[in-house]
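Values below: every heavy atom of this structure, side chains too, minus hydrogens, waters and symmetry copies. Labels below follow one simple rule: chain letters A, B, ... track the order of the sequence lines, proteins then strands, and each chain is numbered from 1.
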Amino acid sequence: MEILTEFLHTTGFAMMTWGNATMIIVGIFFVCLAIIKDYEPLLLLPIGFGAIVGNIPAIQGMPLNVYQEGSVLSYMYFGVSKGIFPPLIFLGIGAMTDFSTMLSNPKLVLLGAAAQIGIFLTLIGSLYLGFDPSESGAIGIIGGADGPTAIFLSSKLAPHLLGSIAIAAYSYMALVPVIQPPIMRLLTTKKERLIHMKESRHVSQREKIIFPVAAFLIAALIAPGSIVLIGMLFFGNLLKESCVTERLANTARNAMIDIVTILLGFSVGASAQAQTFLTSQSLLIFGLGALSFCIATAGGVLFAKLMNLFIKEKINPLIGAAGVSAVPDSARVVQMVGQKEDPHNFLLMHAMAPNVAGVIGSAIAAGILWSVLVK
Amino acid sequence: MIKINLNIQNILDGQGIEISIAGMLIVFAALSLISLFIYCLPMILRIFTRMLPSEEEPHGPTVAPLAPDDVVLAAIGFTLHSQTDGFISAE
């Protein structure tokens with residue numbers, strides 16, 4: 001009887017806190033969003049289920065959760081906490097990215113730079129709220145709208161905030177179709193949204209092969225802190241474009257990125273335990289993350305309008321919103337908003353240029369913040 | 001738990017403005033250089049092609065042309081023959 005009573009005290013029911021129950025509901029909500037609403041299911045489903053798993057109260061003396069040394073989950077989380085998974089995801093992204101639209105219209109690259117304003121203004125906002133500079137840098141990177149970059153930088157600058165930052169970054173990436181359109185409409189006129197852009201020129205295979213090597217050298221020499229992310233991104237792209245390593249490119253963009261996404265999503269979710277996640281700090285991070293995302297979107301759109309003052313062939317300012325990375329969701333949002341005004345306006349391919357430039361831009365920004373703020 | 005301490009001095013102490021301005025300038029510099037390189041790349045390639053003419057652009061693994069199969073050739077020959085007078089006269 002004593003054994004039974006003892007056992008009952010070790011069950012999850014007996015040790016469950018209100019915080020754990022809330023986080024389990026949040027996890028179930030994420031799973032529902034992924035399945036019912038189809039919001040970033042590849043990320044929200046593993047994160048949501050991970051959050052459910054991570055909030056089952058652990059038995060004392062048994063290493064079960066991600067923060068307990070020796071637990072199976074802690075080994076999976078190792079790839080997150082040491083920043084191993086994000087570069088591997090970048091390798092896969094590189095192997096599936098076609099830089100043709102960017103190569104055919106180089107001026108659109110600047111939109112990817114303008115959208116990074118969200119990162120730096122949020123850094124200022126976080127400092128104002130009392131976060132220290134390293135934490136502020138890690139929070140600011142949410143505005144890059146790039147989950148792997150956010151995880152990579154927070155694992156280096158503020159590991160204690162990693163769970164909140166990762167969840168915030170991925171949640172906002174999933175909410176791109178909700179957050180961006182109102183800002184895009186607010187900052188543009190109907191006439192601007194109706195602008196049709198010229199078809200892109202053909203890009204030769206040679207250009208596609210030379211680009212990753214040259215762009216890596218430029219980015220890495222200017223911001224050496226970005227070599228891990230940028231290096232893997234362009235290495236993956238070279239595997240794809242060289243046409244001689246098709247097997248490796250295929251593995252990187254299919255099997256490998258899928259495996260890493262599963263491990264990353266699940267362990268990030270499992271790290272969102274009530275004790276570390278349900279804090280006023282997390283609420284602030286979520287608020288700042290949303291602000292960062294909005295500023296980044298506005299930055300891209302406004303810079304496109306500014307560019308239109310100086311260039312002959314006008315660009316549709318909606319594509320500036322795609323500068324926030326979130327590949328390819330923000331480009332899809334641009335297409336959707338553009339087509340609402342004119343169903344014959346196809347902006348998707350044009351929006352892919354600032355979109356992929358945004359990935360490069362946010363990785364460079366992460367490299368800068370890492371090198372400046374690392375203690 | 002963070003102590004919320006709203007103060008402009010925090011930004012100045014953390015060199016927030018300097019980091020942000022420098023960061024944006026570096027991001028712009030890097031992406032502008034990449035943009036400039038992309039703009040110049042077709043011209044550079046044209047010059048190189050003129051200086052060092054190559055046979056073709058780099059391409060993927062080539063597939064060896066299929067050797068004509070004797071059986072297939074015989075079948076084609078028979079079909080052609082059957083459509084001609086030779087076949088009718090043989091009847």
Which region of I8(B), side chain (C-beta onward) or backbone (N, CA, C, O), has a non-hydrogen atom less than 4.5 Å from a non-hydrogen atom of chain A, or is it both or neither? both
Could you list which of residues 28-35 of chain B have a heavy atom closer than 4.5 Å to any heavy atom of chain A, in residue-number order? F28(B), A29(B), A30(B), L31(B), S32(B), L33(B), I34(B), S35(B)
Show, in sequence, the C-alpha distance, side-chain angles and deciding distance for S20(B) and L121(A), and conclude whether the side-chain contact (heavy atoms from CB on, under 4.5 Å) test is met. CA-CA 7 Å; S20(B) 299; L121(A) 288 184; 5.9 Å; no
Measure the CG-OH distance between N105(A) and Y39(B) for me, rounded to the nearest 0.5 Å. 11.5 Å
Ranking G125(A), G112(A), A114(A), S226(A) by heavy-atom pairs under 4.5 Å to chain B gives rank one to A114(A)
Anything under 3.5 Å between a donor and an acceptor, one on a side chain of residues 362-372 of chain A, the other on a protein residue two or more places apart or in another chain? List them.
unit_1  : atom_1 : unit_2  : atom_2 : d
S362(A) : OG     : S325(A) : OG     : 3.4
S362(A) : OG     : G358(A) : O      : 3.0
S362(A) : OG     : V359(A) : O      : 3.2
S371(A) : OG     : G367(A) : O      : 3.0
S371(A) : OG     : I368(A) : O      : 3.0

Mind listing the closest non-hydrogen atom pair of F37(B) and I218(A) along with its distance? CB-CD1, 4.0 Å
Nearest-0.5 Å distance, CD of residue Q15(B) to CG of residue L373(A): 9.5 Å
Relative to chain B, which segment of F303(A) carries a heavy atom at a distance below 4.5 Å: side chain, backbone, both, or neither? side chain
Side-chain touch R206(A)/T49(B), heavy atoms, less than 4.5 angstrom: yes
Under 4.5 Å, counting heavy-atom pairs only, tell me which of A214(A), A219(A), A357(A) racks up the most with chain B. A214(A)
When the 4.5 angstrom heavy-atom criterion is applied to L123(A) and chain B, the contacting part is side chain
Of the non-hydrogen atoms in E207(A) and P42(B), which two are nearest, and what is the gap between them? OE1-CG, 3.6 Å
Heavy-atom closest contact (S204(A) atom, L45(B) atom, distance): OG-CD1, 4.2 Å
Apply the test side-chain contact (heavy atoms from CB on, under 4.5 Å) to residues V27(B) and F120(A): give CA-CA distance (whole Å), side-chain angles for both, the deciding distance (0.1 Å), then the verdict. CA-CA 11 Å; V27(B) 171; F120(A) 294 104; 4.2 Å; yes
Does E199(A), at its CD atom, have more than 12 non-hydrogen atoms belonging to other residues, nucleotides or ligands within less than 6.0 Å? no
Contact part of P106(A) toward chain B, heavy-atom cut-off under 4.5 Å: side chain, backbone, both or neither? both
Might you work through the side-chain contact (heavy atoms from CB on, under 4.5 Å) test for F211(A) and I38(B), ending with a clear yes or no? CA-CA 7 Å; F211(A) 171 72; I38(B) 297 170; 3.7 Å; yes
Which atoms of I11(B) are under 4.5 Å from chain A, going by heavy atoms: the side chain, the backbone, both sets, or neither? both
